[in-house]
Amino acid sequence: MEVAGGGAAVVVGASSPRRVVVVDESEESMHALSWYLSNVAAVVLVHARSPRPFYYPCIDGAGCILTQLVMDSMDQYMASAADTVITKAKSICTAFPNVRVETCVEKGDPRDVICGAAEKAGADLLVMGSHGYGFLQRALLGSVSNHCVQNCKCPVVVVKRPDSKQQRARGGASLGSP
């Protein structure tokens with residue numbers, strides 16, 4: 001299975017060992033990945049690439065149709081960004097040599113890609129990072145993790161990244177603890 005995109009998750013599967021999906025490029029997701037790796041054995045890294053638009057709004061309010069050259073450039077950039085995200089997540093995994101790692105990159109809405117990848121992998125668990133958005137930001141931007149909590153067929157763990165005060169109180173240790 002190969003999965004990547006704008007959203008990232010860890011999926012844990014029903015097969016032995018358990019499989020977990022981790023999503024997106026955010027530092028919150030990278031923290032969730034590290035937290036999970038401190039506690040499990042197999043992981044599927046998922047990245048959801050948002051589909052590129054076929055037109056953009058122009059200055060006059062009408063839509064501008066993009067040329068094939070521009071669309072090809074956008075596809076190359078998004079593929080490169082997905083590779084960067086997966087590479088970063090895999091580098092975190094190297095600190096845990098007993099963890100089996102798979103990757104998955106798909107185009108689509110991160111909410112649908114992540115839930116679909118978790119189901120396809122037969123996940124026992126989905127682990128995600130939280131951006132910590134407030135009510136207004138969630139209302140305007142939406143919440144991928146909330147969608148996954150409500151719609152995934154497996155349990156979902158949303159890991160908050162500790163703020164700097166919490167890290168100092170713990171002596172700087174942020175991995176291995178929720």
Side-chain angles (χ1 to χ4, degrees), residues 1-52 74-133 141-149 152 154-163 167 172-178:
M1 176 190 307
E2 188 166 314
V3 179
V10 176
V11 175
V12 179
S15 62
S16 235
R18 292 180 181 251
R19 299 176 62 172
V20 173
V21 171
V22 177
V23 285
D24 99 26
E25 70 276 7
S26 71
E27 288 301 316
E28 291 77 13
S29 285
M30 295 303 157
H31 173 75
L33 173 60
S34 296
W35 176 87
Y36 173 75
L37 291 170
S38 298
N39 296 286
V40 290
V43 65
V44 177
L45 303 172
V46 177
H47 181 72
R49 286 178 41 189
S50 298
R52 67 169 156 70
M74 290 172 70
D75 283 341
Q76 287 176 353
Y77 172 77
M78 288 188 286
S80 174
D83 288 343
T84 300
V85 169
I86 292 296
T87 299
K88 181 177 181 180
K90 280 182 167 181
S91 72
I92 291 172
C93 295
T94 60
F96 304 88
N98 296 330
V99 175
R100 188 170 48 88
V101 178
E102 297 177 34
T103 62
C104 175
V105 176
E106 292 185 11
K107 286 184 183 178
D109 184 313
R111 297 171 296 187
D112 299 328
V113 168
I114 293 165
C115 289
E119 185 170 350
K120 187 176 179 180
D124 297 306
L125 177 68
L126 172 65
V127 178
M128 308 179 71
S130 171
H131 290 282
Y133 293 148
L141 301 175
S143 172
V144 174
S145 60
N146 186 57
H147 176 87
C148 293
V149 165
C152 280
C154 64
V156 178
V157 173
V158 180
V159 180
K160 291 185 177 185
R161 187 173 176 198
D163 62 21
Q167 284 181 339
S174 63
L175 301 182
S177 55

Output for pair (Thr94 OG1, Phe96 CZ), nearest 0.5 Å, gives 9.0 Å

Looking at every non-hydrogen atom in both residues, tell me the closest pair between Val156 and Met128 and how far apart they are. CG1-SD, 4.2 Å

Under 4.5 Å between any side-chain heavy atoms of Val99 and Cys93, yes or no? no

Can you tell me how far CG of Asp75 sits from NZ of Lys107, rounded to the nearest 0.5 angstrom? 4.0 Å

Taking every heavy atom of Ala117 against every heavy atom of Val46, the minimum-distance pair comes out as CB-CG2, 3.8 Å

Tell me which one of Cys148, Ser145, Pro155 satisfies side-chain contact (heavy atoms from CB on, under 4.5 Å) with Leu126. Cys148

Less than 4.5 Å apart, any side-chain heavy atom of Lys90 and any of Thr87? no

Answer whether the closest heavy-atom distance between the side chains of His147 and Asp112 falls below 4.5 Å. yes

Do Met30 and Val85 have side chains that approach each other closer than 4.5 Å (heavy atoms only, starting at C-beta)? yes

dist Gln76:CD -> Met78:CE (nearest 0.5 Å) comes out at 10.5 Å

